[in-house]
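Since the structure comes first, as structure tokens, the remarks are kept for the end.
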Amino acid sequence: MKINVIGTSGSGKSTVARGITQKLNIPYIQLDALFWRADWQGTPDDLFFAKIEAALAGKNDWVIDGNYKRTQSIKWRDVDMIVWVDYSFLRTLYQAVRRAAVRAWQQDEIWAGTGNRETFRKSFFSRDSIILWTLKTYRNNRRQYETLLTDARWQHVRFVRLRSPKETQSFLSDLSLLKPSTGLL
């Protein structure tokens, strides 16, 4: 199975992707870990795309966590399933705020080797705030994802839309019946 987990910042993509990875025992690829470099510097697209290609190379099964619309042609080339974590705005905002506060408090490095850590100032009081990003992108992202569901280019892909933690738990429970590399229940 080749699965991409998408959703607005703070929706719980990483949590869902790790849950799928654990259930199916397949490799986990986090796009943010491939994109972000030290001092919150992004990776130029040519290098970013090469990192994604290298991460996917030779793998029959994987779970990719992340959006990055410009990477669709790479990550969706062979994708079997797209899981959209589509929780309500209030739930997503709550999760984004909680995650930012915990990360700022704990000061853990977010992606190994980058030195990148959340701070209260960056998370809550800057233009680069993940909270502000969630507020600004939630509605537009939902529109774009809804359009993807009906896009003829992706009709061969199985879309799963998770609208609540309860639906997510049910989905993850049902995954134990899925056989990696075949996608069959």
Side-chain angles (χ1 to χ4, degrees), residues 1-85 92 95-96 99-100 102-104 106-119 122-123 126-130 132-134 136-138 140-141 144-145 147-148 151 153-154 156-160 162 175 178 180-181 183:
M1 280 299 292
K2 295 176 179 166
I3 303 168
N4 184 199
V5 180
I6 62 172
T8 297
S9 296
S11 63
K13 292 182 302 294
S14 298
T15 301
V16 172
R18 284 191 299 270
I20 294 168
T21 296
Q22 290 170 354
K23 283 285 189 179
L24 298 180
N25 194 29
I26 60 178
Y28 171 62
I29 301 162
Q30 187 181 41
L31 290 182
D32 281 341
L34 298 177
F35 180 74
W36 290 108
R37 299 181 297 167
D39 298 319
W40 294 98
Q41 297 300 307
T43 299
D45 282 352
D46 57 336
L47 296 176
F48 183 37
F49 298 165
K51 285 181 174 184
I52 296 169
E53 292 282 8
L56 299 178
K59 291 182 178 73
N60 292 324
D61 303 299
W62 42 255
V63 176
I64 292 181
D65 157 16
N67 300 318
Y68 294 92
K69 187 175 180 178
R70 64 190 182 274
T71 67
Q72 278 179 359
S73 64
I74 299 168
K75 64 185 182 173
W76 288 7
R77 178 175 50 221
D78 299 315
V79 75
D80 300 303
M81 181 186 297
I82 297 169
V83 177
W84 173 17
V85 183
T92 301
Q95 290 177 174
R99 180 185 71 187
V102 167
R103 283 180 172 177
Q106 292 178 340
Q107 282 297 290
D108 293 333
E109 183 179 40
I110 300 172
W111 303 288
T114 64
N116 294 335
R117 291 172 171 75
E118 294 282 354
T119 64
K122 181 174 179 55
S123 294
S126 79
R127 287 187 188 159
D128 297 326
S129 163
I130 193 66
L132 185 57
W133 181 255
T134 300
K136 288 179 4 183
T137 62
Y138 179 85
N140 190 44
N141 283 346
Q144 287 179 9
Y145 300 148
T147 301
L148 287 174
D151 189 323
R153 293 175 298 163
W154 311 116
H156 66 286
V157 176
R158 179 175 171 205
F159 279 89
V160 176
L162 304 173
L175 274 182
L178 202 63
S181 294

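We number each residue from 1, following the sequence as shown.
Contact of the Ile82 side chain with the Phe159 side chain is registered, since non-hydrogen atoms from C-beta on lie closer than 4.5 Å. The shortest distance between side-chain heavy atoms of Ser129 and Lys136 does not fall below 4.5 Å.
Looking only at distances, no side-chain donor or acceptor of Thr114 sits under 3.5 Å from a matching main-chain atom of Ala38. With hydrogens and angles disregarded, no donor-acceptor distance shorter than 3.5 Å links the side chain of Gln41 to the backbone of Trp36. The backbone N or O of Lys122 sits less than 3.5 Å from a side-chain atom of Thr119, completing a donor-acceptor pair. Distance alone, capped at 3.5 Å, is enough to place a donor-acceptor pair between the Asp61 side chain and the Met1 backbone. Using modelled atom types, no side-chain atom of Gln107 and backbone atom of Arg117 make a donor-acceptor pair closer than 3.5 Å.
Annotation for Arg37 and Gly42: closest pair NH2-O, 2.8 Å, computed over non-hydrogen atoms. The two residues Ser126 and Leu132 have their closest heavy-atom pair at O-CD2, 4.1 Å. Of all heavy-atom pairs between Ala17 and Asp65, the closest is CB-CB, 3.7 Å. The two residues Leu24 and Ile3 come nearest to each other via the heavy atoms CD1-CD1, 4.0 Å. Taking all atoms of both residues into account, the shortest heavy-atom contact from Thr43 to Lys51 is OG1-NZ, 3.7 Å. Nearest approach of Thr21 to Pro27, heavy atoms of both residues: OG1-O, 4.3 Å.
Interatomic distance, CE of Met81 versus CZ of Arg158, reported as 4.0 Å (0.5 Å rounding). To the nearest 0.5 Å, the span separating CD1 on Ile20 from NZ on Lys23 amounts to 11.5 Å. Note: Asp32 CG to Ser14 OG = 7.0 Å, rounded to the nearest 0.5 Å. Going from atom CD of Gln72 over to atom CD1 of Ile74 covers 11.0 Å, rounded to the nearest 0.5 Å. To the nearest 0.5 angstrom, Lys69 atom NZ is 9.5 Å from Asn141 atom CG. To the nearest 0.5 Å, atoms CD1 (Ile64) and CG (Leu31) are separated by 5.5 Å.
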Requested in this report: Decide side chain to side chain contact (heavy atoms under 4.5 Å, CB included) for Asn67 and Tyr145; before the verdict, give the C-alpha distance in whole Å, the side-chain angles of both, and the deciding distance to 0.1 Å.
Outcome: CA-CA 10 Å; Asn67 300 318; Tyr145 300 148; 3.0 Å; yes
Requested in this report: Show your working on side chain to side chain contact (heavy atoms under 4.5 Å, CB included) between Arg18 and Thr15 and close with a plain yes or no.
Outcome: CA-CA 5 Å; Arg18 284 191 299 270; Thr15 301; 4.0 Å; yes
**Report entry** Derivation of the side-chain hydrogen bond (donor to acceptor under 3.5 Å, both in side chains) call for Gln30 and Trp111
**Finding:** CA-CA 10 Å; Gln30 187 181 41; Trp111 303 288; 3.2 Å; yes
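Under the side-chain hydrogen bond (donor to acceptor under 3.5 Å, both in side chains) criterion, Thr134 pairs with no residue, sequence neighbours left out. The side-chain hydrogen bond (donor to acceptor under 3.5 Å, both in side chains) search around Tyr138 returns none, not counting sequence neighbours. Looking at residues two or more places apart in sequence or on another chain, you find a salt bridge (Lys or Arg N to Asp or Glu O under 4.0 Å) between Arg70 and Asp45. Residues passing the side-chain hydrogen bond (donor to acceptor under 3.5 Å, both in side chains) test with Asp151 are Arg153, sequence neighbours excluded. Not counting sequence neighbours, the partners of Ser9 by the side-chain hydrogen bond (donor to acceptor under 3.5 Å, both in side chains) test are Trp133.
For the side-chain hydrogen bond (donor to acceptor under 3.5 Å, both in side chains) condition, the pairs that include at least one residue of residues 75-84, sequence neighbours left out, are Asn4-Lys75, Asn4-Trp76, Glu53-Arg77.
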